[in-house]
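Heads up: the structure comes next, in structure tokens.
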Amino acid sequence: MSNEKADYIVAGGLVVRGTGITREDILVKGETITEIGPDIPQDRASIVVDASGAYVLPGVVDAHNHPDNADRIETFSLSAAFGGITTVVPFVRSQRATGAEDTTVEAVNRFIDEANETSYLDFSAHAILLAADDVEEQVPALIEMGVISFKMFMTYPRRGMMMPDDRMLRAMELASRDGGIAMVHAENGYCIDHLVDQFTADGNTSAEYFAQSQPRILEIEAVNRAATYATVAGCPLYIVHLSAREVLEVLTRFKGQGLRLFGETCPQYLDLTNQEMLDHGALAKIGPPLRERPDNEAMWHGLASGLIDTIGSDFCGFKQEQKFTGGQTAGPVEDTNAGVDSSIFDANFGGNWAEQMLCVAFEEGVNRGRVTLPRLVRVMCENPAKIFGLYPQKGALVTGSDADLVIFDPSVSHTLSADAQHCNADFTMFEGKQVLGKPVFTMQRGEVVIQDGEMKRARGRAKFYPGKREDAAYAPSGHRLVGV
Ligand SMILES: [Zn+2]
């Protein structure tokens with residue numbers, strides 16, 4: 001114990017970790033947590049942050065987001081910060097699907113430059129591998145840069161995004177060889193395109209046909225196929241945005257066979273159904289589609305039981321007008337025409353879910369008794385940090401970890417709405433939802449980020465965190481990918 005004064009003491013709160021909840025105080029000096037324990041004298045720090053009556057959580061690590069439309073990293077990270085997120089791991093891809101000649105390494109470097117200048121939150125990065133990317137060259141180079149996770153799309157063949165199976169298998173082999181991890185968007189793209197063509201030919205292009213054009217069987221099939229390839233390649237696998245209840249059986253089987261398999265779901269798949277699509281059309285268009293109430297319940301069951309390991313936001317910030325433009329490009333908003341008559345199949349995929357994610361998960365999960373708060377901290381903070389090589393600097397409240405923390409007041413009742421959010425996207429599918437509990441204070445590396453409802457941190461203070469690769473030399477118990 002040093003006699004030198006700490007900068008902050010976060011006092012009187014209930015500290016939440018994956019293992020449980022304890023009444024402890026936290027001392028912060030510089031960028032780091034220097035001590036945690038009960039009844040630390042307040043005069044040991046210059047500034048007292050009162051957390052009494054509230055929970056203290058590690059900052060949320062959002063490992064699924066796409067800040068490249070109306071919201072780039074600047075406004076995405078601003079919005080995320082208000083939602084109790086302190087670390088973001090965006091997906092970055094080359095522009096080769098649109099005929100450019102750049103590489104994924106160049107795209108990641110561009111992203112890091114932009115985020116260094118404009119992000120409000122610390123960040124890491126996942127690489128998206130497209131069919132046109134040279135995986136033999138790019139995968140080892142990216143891992144060397146600290147980009148250790150590689151997402152591949154099993155769908156969207158006509159947009160140049162689908163990775164053919166043989167190339168996916170090879171990319172998995174390359175990733176696992178150098179200590180990386182594969183990620184997949186698991187839906188069967190050929191079948192989706194086939195069904196979309198059929199519905200379109202029959203003139204059935206309204207919102208009610210969307211879910212039917214992307215049925216659950218195509219997710220179940222692709223999860224099974226991706227896990228099979230990962231088993232053959234010996235590669236850890238993270239499956240993003242699980243939505244269909246039947247995938248739990250597939251996870252059970254492959255996890256039981258020893259595959260290092262991690263499942264993610266999102267707040268929208270925990271709380272919303274296809275009714276949103278019927279009510280709001282293109283605004284609710286996401287892939288996989290919103291499904292049914294029993295699927296929401298199954299996702300909660302998966303989170304509680306350990307079959308599903310994380311919650312990510314899948315944030316993609318579009319203005320309402322952009323949702324109707326189609327083509328999945330940023331496109332000038334003024335050219336658009338929010339045509340209710342246009343085909344649902346031409347609308348853009350994606351929605352903004354980050355700022356509301358923690359509040360929705362707390363309300364629907366903890367307040368309704370579906371998961372414990374420690375389990376929520378595990379799936380929103382600890383597990384994503386562990387899986388992507390950021391732990392224990394991120395995702396943990398322990399001595400020596402980064403002083404990234406959130407004070408969450410469980411007694412604040414508020415209504416989620418687009419008016420209250422801080423991104424450029426101008427709608428939320430959670431509009432009008434009443435929740436109990438709100439992040440009221442956020443700190444990152446010893447700097448106050450959110451206080452009194454305001455952003456206190458300047459842009460450009462954020463840092464890139466390279467993912468630590470999996471080290472085969474570790475004993476199994478110390479293995480990065482075990483025990484999450
Ligand atoms: Zn996504």
Side-chain angles (χ1 to χ4, degrees), residues 60-73 76-77 79-80 83 85 87-94 97 104 107-108 111 123-130 147 149-157 159-163 168 181-189 192 210 214 218-219 222-223 226 237-244 247 262-270 272 282-291 299 308-318 322-323 327-330 347-357 380 384 387-388 423 425 428-429:
V60 171
V61 178
D62 181 14
H64 188 159
N65 44 77
H66 306 269
D68 37 32
N69 292 287
D71 288 287
R72 297 180 68 86
I73 186 68
F76 161 61
S77 62
S79 174
I85 294 165
T87 303
V88 296
V89 193
F91 288 104
V92 182
R93 67 186 201 215
S94 73
T104 319
V108 168
F111 165 73
F123 56 95
S124 188
H126 308 294
I128 288 177
L129 297 176
L130 302 169
V147 179
S149 37
F150 302 93
K151 180 178 173 186
M152 290 168 277
F153 289 93
M154 299 170 79
T155 185
Y156 308 137
R159 286 159 53 191
M161 292 168 72
M162 191 181 85
M163 185 61 101
M168 180 168 76
I181 179 169
M183 307 171 78
V184 290
H185 173 147
E187 284 187 290
N188 184 312
I192 289 176
F210 177 66
Q214 348 250 314
L218 305 185
E219 179 179 353
V223 167
L237 176 65
Y238 181 100
I239 305 182
V240 300
H241 54 43
L242 293 168
S243 68
V247 301
F262 307 97
E264 172 201 271
T265 192
C266 311
Q268 50 275 34
Y269 300 117
L270 290 163
L272 302 178
L283 294 185
K285 181 175 171 180
I286 55 174
L290 294 169
R291 302 202 191 270
M299 294 302 106
I308 295 180
D309 304 277
T310 68
I311 301 175
S313 74
D314 201 1
F315 177 99
C316 193
F318 284 114
Q322 290 176 302
K323 285 289 286 176
Q328 198 78 8
T329 58
N348 275 322
F349 284 95
N352 60 94
W353 317 95
E355 192 162 341
Q356 296 87 10
M357 175 166 68
M380 298 186 80
I387 293 167
F388 297 112
C423 47
T428 169
M429 282 293 106

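All values below were derived from every heavy atom in this structure, side-chain atoms included, with hydrogens, water molecules and symmetry-related copies excluded. Counting starts at 1 for both ligands and their atoms, following the listed order.
The atom name of the N/O/S atom in Asp314 closest to the Zn ion (ligand 1) is OD1.
His64 and Glu264 form a side-chain donor-acceptor contact under 3.5 Å, judged by distance and modelled atom types alone.
Taking backbone and side-chain atoms together, His185 has no N/O/S atom less than 2.8 Å away from the Zn ion (ligand 1). Inclusion of Cys316 in the first shell of the Zn ion (ligand 1) is not supported: no N, O or S atom falls under 2.8 Å.
One N or O on the side chain of Gln268 and one on the backbone of Ser313 form a donor-acceptor pair closer than 3.5 Å. Of the possible polar contacts, none joining the Asp62 side chain to the Val89 backbone as a donor-acceptor pair under 3.5 Å is found.
In this structure, Phe153 and His185 have tilted ring planes: the angle between them lies in the 30° to 60° band.
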